[in-house]
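Here's the structure we're looking at; comments come further down.
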Amino acid sequence: QVQLVESGGGLVQAGGSLRLSCTAPGGGFSSYGMGWWRQAPGKEREFVSSVSWHGGTTQYADSVKGRFTISRDNAKNTMYLQMNSLKPEDTAMYYCTRSYTSAASVHRSEFRYWGQGTQVTVSS
């Protein structure tokens, strides 16, 4: 079992920034693609961004392109999501997840392990 721990969520005003972190304390991180998903109340969980094992390939949902940046530091078993120009519609629980493969996956079926989530709330 791979443990994933998210941090960095909080309350921010529209237009502000937050940086989310995801660590894998027990390892099982550096050889795999990683991703961020989010779920707002009453809505389906949706893809936000993903990164390949080496960090060279990234994917973004259209709704966050140009505002969010995903990155990873394999030496620290940590992935990041820098979120700028936040909007109220970005309010959600954000989940870290690890892919079955080394690629920057985009489909939910391609992700195996999930963290508990970190709440992001953007006020207008």
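Quick note: numbers below take in every heavy atom, side chains included, and nothing from hydrogens, waters or symmetry partners.
- A donor-acceptor pair is defined here as one N or O able to donate and one able to accept, closer than 3.5 Å; no such pair exists between the side chain of H107 and the backbone of S109.
- S49 places a side-chain N or O within 3.5 Å of a backbone atom of Q59 that can act as its donor or acceptor partner.
- Here the closest heavy-atom approach between residue A40 and residue A92 is recorded as N-CB, 3.8 Å.
- The shortest side-chain heavy-atom distance between V120 and L18 falls under the 4.5 Å cut-off.
- Side chains of R38 and Y94: a donor on one and an acceptor on the other come within 3.5 Å.
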Between D90 and K87, does the salt bridge (Lys or Arg N to Asp or Glu O under 4.0 Å) criterion hold? Intermediate values first, please. CA-CA 5 Å; D90 294 317; K87 305 175 181 179; over 6 Å; no
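- Among residue pairs with one or both ends in residues 20-35, none qualify as side chain to side chain donor-acceptor pair (under 3.5 Å); sequence neighbours excluded.
- Of the possible polar contacts, none joining the S50 side chain to the M34 backbone as a donor-acceptor pair under 3.5 Å is found.
- In this structure the side chain of W37 reaches within 4.5 angstrom of the side chain of F111, judged on heavy atoms.
- Remark: R98 fails to qualify as a cation-pi partner of F29 under the 6.0 Å distance and 45° angle criteria applied to the six-membered ring.
- Side-chain contact between R19 and L81 is absent, with no heavy-atom pair separated by less than 4.5 Å.
- When all heavy atoms of N84 and S17 are compared, the closest pair comes out as OD1-OG, 2.9 Å.
- For L4 against T97, the heavy-atom pair with the smallest separation is CD1-CA, 3.8 Å.
- Counting only distance, with no hydrogens or angles, the side chain of S99 and the backbone of E110 share a donor-acceptor pair below 3.5 Å.
- A donor-acceptor pair under 3.5 Å links the side-chain atoms of T101 to the main chain of A103, judged by distance alone.
- Between T78 and D73, the side chains place no donor N or O within less than 3.5 Å of an acceptor N or O (distance only, hydrogens not considered).
- Between K76 and Y80, the shortest heavy-atom contact is CD-OH, 4.2 Å.
- Residues C96 and W36 are in side-chain contact: their nearest non-hydrogen atoms beyond the backbone lie under 4.5 Å apart.
- Residues I70 and T58 come closest through the heavy atom pair CG2-CG2, 3.6 Å.
- Heavy-atom minimum distance, E6 versus Y95: OE2-CA, 3.5 Å.
- The cationic atom of R72 (NZ for Lys, CZ for Arg) does not lie both less than 6.0 Å from the six-membered ring centre of W53 and within 45° of the ring axis.
- The local environment of CD in Q116 is sparse, with at most 12 non-hydrogen atoms from other residues, nucleotides or ligands closer than 6.0 Å.
- Looking only at side-chain heavy atoms (C-beta outward), R108 and R45 come within less than 4.5 Å of each other.
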